[in-house]
Structure formats: C-alpha cells, structure tokens
Amino acid sequence: MMKPTKQDMTVRSVPIEAIDKLSALQQHTRLTYGGLIDDAIEALWDDYLSEGHEVPMLSSDQD
C-alpha cells in the first residue's frame, strides 16, 4: 500500500490581508487554495536557496 503524499493541516491566526490576497489569487487561477499555497512555499524555498541560505535536505529532495 502506498503512503499518502498529502496531509491535512489547520492554520490559525492568518492576517485578513493574507486571506484577501489568497482569495483574489484564487479567482484568477484554476488552482485550489492548497495549490496556491504549495506554489508559494516552493517559490519561497527556491528564493532561500538562491540567496545562499542553508535549508535542510528533505527526504523528498532525494527522489
């Protein structure tokens, strides 16, 4: 049996401005809120790497 590749999360205390921006972005794409957040995390991760920050090696990076 395969392990699930997704996990539900609950996020609290998100500024209303962030929610407004997320809602506005969702109206201009076919991505779900989760897809938008995935893309944002990937972009931030890539920015950190390109700026030379040390980020941990993840098991998913070794595939």
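- Scanning both residues, Asp47 and Ser50, for their nearest heavy atoms gives O-OG, 3.0 Å.
- The CG atom of Leu25 sits 10.0 Å away from atom CG of Asp39, with the distance rounded to the nearest 0.5 Å.
- Under a hydrophobic-cluster definition in which Ile, Leu, Val, Met, Phe, Trp and Tyr are linked whenever side-chain heavy atoms come within less than 4.5 Å, directly or via other members, Ile41 and Tyr48 are assigned to different clusters.
- Criterion: ILVMFWY side-chain heavy atoms under 4.5 Å apart, direct or through other members. Under it, Leu44 and Val55 are part of a common hydrophobic cluster.
- Nearest heavy atom pair, residue Trp45 against residue Pro56, reads CZ2-O, 3.6 Å.
- For CD of Glu54, the number of neighbouring non-hydrogen atoms (other residues, nucleotides, ligands) closer than 6.0 Å is 12 at most.
- Rounding to the nearest 0.5 Å gives a distance of 5.5 Å between CD1 of Ile37 and CG of Leu22.
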* Begin from the C-alpha positions of Gln26 and Leu36 and carry the test side-chain contact (heavy atoms from CB on, under 4.5 Å) through to its verdict. => CA-CA 7 Å; Gln26 205 275 328; Leu36 287 167; 3.8 Å; yes
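- Among all heavy-atom pairs drawn from Asp38 and Lys6, the shortest one is OD2-NZ, 4.1 Å.
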